[in-house]
Amino acid sequence: MNREQALAIVKLHLTDHRYIHTLGVVETSIELANRFGANQEKAEIAAIFHDYAKFRDKEEMKKVVQEKLVDKSFLDYGDELLHAPCGAYFVKDEVGIDDKEILDAIYYHTTGRPEMTLLEKVVFLADYIEPGRKFKGVDDVRELAKVSLDDAIIQALENTIGFLMKRRQRVYPDTLATYNHLIKQKRRSDVSE
Ligand code: DGI
Ligand code: FE
Ligand code: FE
């Protein structure tokens, strides 16, 4: 499947606004993949499909988690999380993509996970800093992304966790675990410098 075919499929599932966001994530993913040495073709496909399930019916997605996914914990932390793991499921089931690395980059694009692969990190960060994003603090993350993938992700996680806590929303445990993991790793590499 080439870029045009993939974009044509995903466009059918998204609003114009979300499609433009997706194009931003694609360009940023390619840029980050080149900067940090991830597979550019896989980054492109994962980015194109990362929000494939953004507008799927919530009840349909809850059913997918219950019946098809191993990890049911996504049901307990707010409906916004569902589109990531369910997106990976639908992209495999409906589009026929079965590359595990691409599917995992879609699956973990919202929450992250400890021990993220390079490809997962690229898509996770691109989703946060693509040019259309206007979050408070996004420019700091964009600056960090010029030099360090992990430092940029730590800052993005700090922002997102802070954002959720200010609104008294639940924080998905693996999002916190991702933050803890990257901080621990950073301390370790600081000590060895
Ligand atoms: O799908 P996008 O809008 O492009 O971005 P996304 O996949 O990062 O989803 C953002 C939404 O997910 C936003 O409403 C905040 C929410 N979110 C991100 N991390 C967590 C979270 N929600 C909960 N409950 N817990 C999290 O850890
Ligand atoms: Fe998303
Ligand atoms: Fe997105």
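Just so you know, ligand 1 is whichever comes first in the structure, and atom 1 is the first atom listed for that ligand.
With distances taken over non-hydrogen atoms, the option nearest atom 27 (O) of ligand 1 out of Thr178, Thr175, Leu157 is Thr175. Relative to atom 15 (C) of ligand 1, the option among Leu164, Asp174, Ile106 with the closest non-hydrogen atom is Leu164. Nearest residue to atom 16 (C) of ligand 1 from Glu80, His83, Arg170 is Glu80 (criterion: closest heavy atom).
The side-chain contact (heavy atoms from CB on, under 4.5 Å) with Val141 is formed by just one residue from the set Leu125, Asp151, Ile154; it is Leu125.
Residue-ligand proximity, Arg133 to ligand 1, at heavy-atom distances under 4.0 Å covers atoms 2 (P), 3 (O), 4 (O), 5 (O). For ligand 1, the atoms lying closer than 4.0 Å to a non-hydrogen atom of His21 are 4 (O). Heavy-atom contacts of His109 reach the following atoms of ligand 1: 7 (O) (cutoff under 4.0 Å). Near Tyr172, with a cut-off below 4.0 Å to any heavy atom, the atoms of ligand 1 are 25 (N), 26 (C), 27 (O).
Aromatic rings from His83 and His50 are positioned such that their centres are separated by 6.0 Å or more.
For the pair Arg18 and Asp51, the salt-bridge criterion is met [side-chain N within less than 4.0 Å of a carboxylate O]. Classification of Glu60 and Lys63 as a salt-bridged pair fails, no side-chain N sitting under 4.0 Å from a carboxylate O.
Counting heavy atoms closer than 4.0 Å to ligand 1, residue Asp51 contributes side-chain atoms (C-beta onward) but none from N, CA, C or O. Residue-level proximity to ligand 1 for Leu81 is carried by the side chain, the only part with a heavy atom below 4.0 angstrom. Neither the backbone nor the side chain of Arg167 has any atom closer than 4.0 Å to an atom of ligand 1 (non-hydrogen atoms only).
Figure legend: Lys68 and Tyr89 shown without cation-pi pairing, the cationic atom not lying both under 6.0 angstrom from the six-membered ring centre and within 45 degrees of its axis.
Atom CE of Met165 has 12 or fewer heavy atoms from other residues, nucleotides or ligands within 6.0 Å. Atom CG of Asp76 has more than 12 heavy atoms from other residues, nucleotides or ligands within 6.0 Å. For Lys166, the NZ atom sits in a loose shell: 12 or fewer heavy atoms of surrounding residues, nucleotides or ligands are nearer than 6.0 Å.
With rounding to the nearest 0.5 angstrom, the CD atom of Gln40 is 11.5 Å from the CG atom of Leu119.
At least one N/O/S atom of His83, from backbone or side chain, sits under 2.8 Å from the Fe ion (ligand 2).
Note: Tyr172 and Tyr77 have perpendicular aromatic rings, judged against thresholds of 30 and 60 degrees for the angle between ring planes. Classification of the Phe135-Tyr128 ring pair by plane angle, with boundaries at 30° and 60°, yields tilted.
Considering both main-chain and side-chain atoms, Lys54 comes within under 3.5 Å of ligand 1 through a nitrogen or oxygen pair. Among the atoms of Thr160, none of the N or O lies under 3.5 angstrom from an N or O of ligand 1. Every N/O-N/O distance between Gln169 and ligand 1 stays at or above 3.5 Å.
Closest to atom 2 (P) of ligand 1, if we only count protein heavy atoms, is Arg18 NH1, 3.2 Å. The nearest heavy-atom contact from the protein to atom 18 (C) of ligand 1 is Thr110 CG2, 3.7 Å. Asp127 OD2, 3.5 Å is the protein heavy atom nearest to atom 8 (O) of ligand 1. With respect to atom 24 (N) of ligand 1, the closest heavy atom belonging to the protein is Tyr77 O, 2.6 Å.
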Going through the checks in order, is the ring-ring contact (aromatic ring centres under 6.0 Å, His included) test met by Tyr107 and Phe74? CA-CA 11 Å; Tyr107 190 104; Phe74 287 103; 5.6 Å; yes

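Distances from the Fe ion (ligand 3) to each N, O or S atom of Asp127 single out OD1 as the nearest. Among the heteroatoms counted here (N, O or S) of His50, NE2 is the one nearest to the Fe ion (ligand 3).
In this structure, OD1 of Asp51 and NE2 of His109 enclose an angle of 90° at the Fe ion (ligand 2), rounded to 10°.
A donor-acceptor contact shorter than 3.5 Å links the side chain of Asn34 to the backbone of Ile30.
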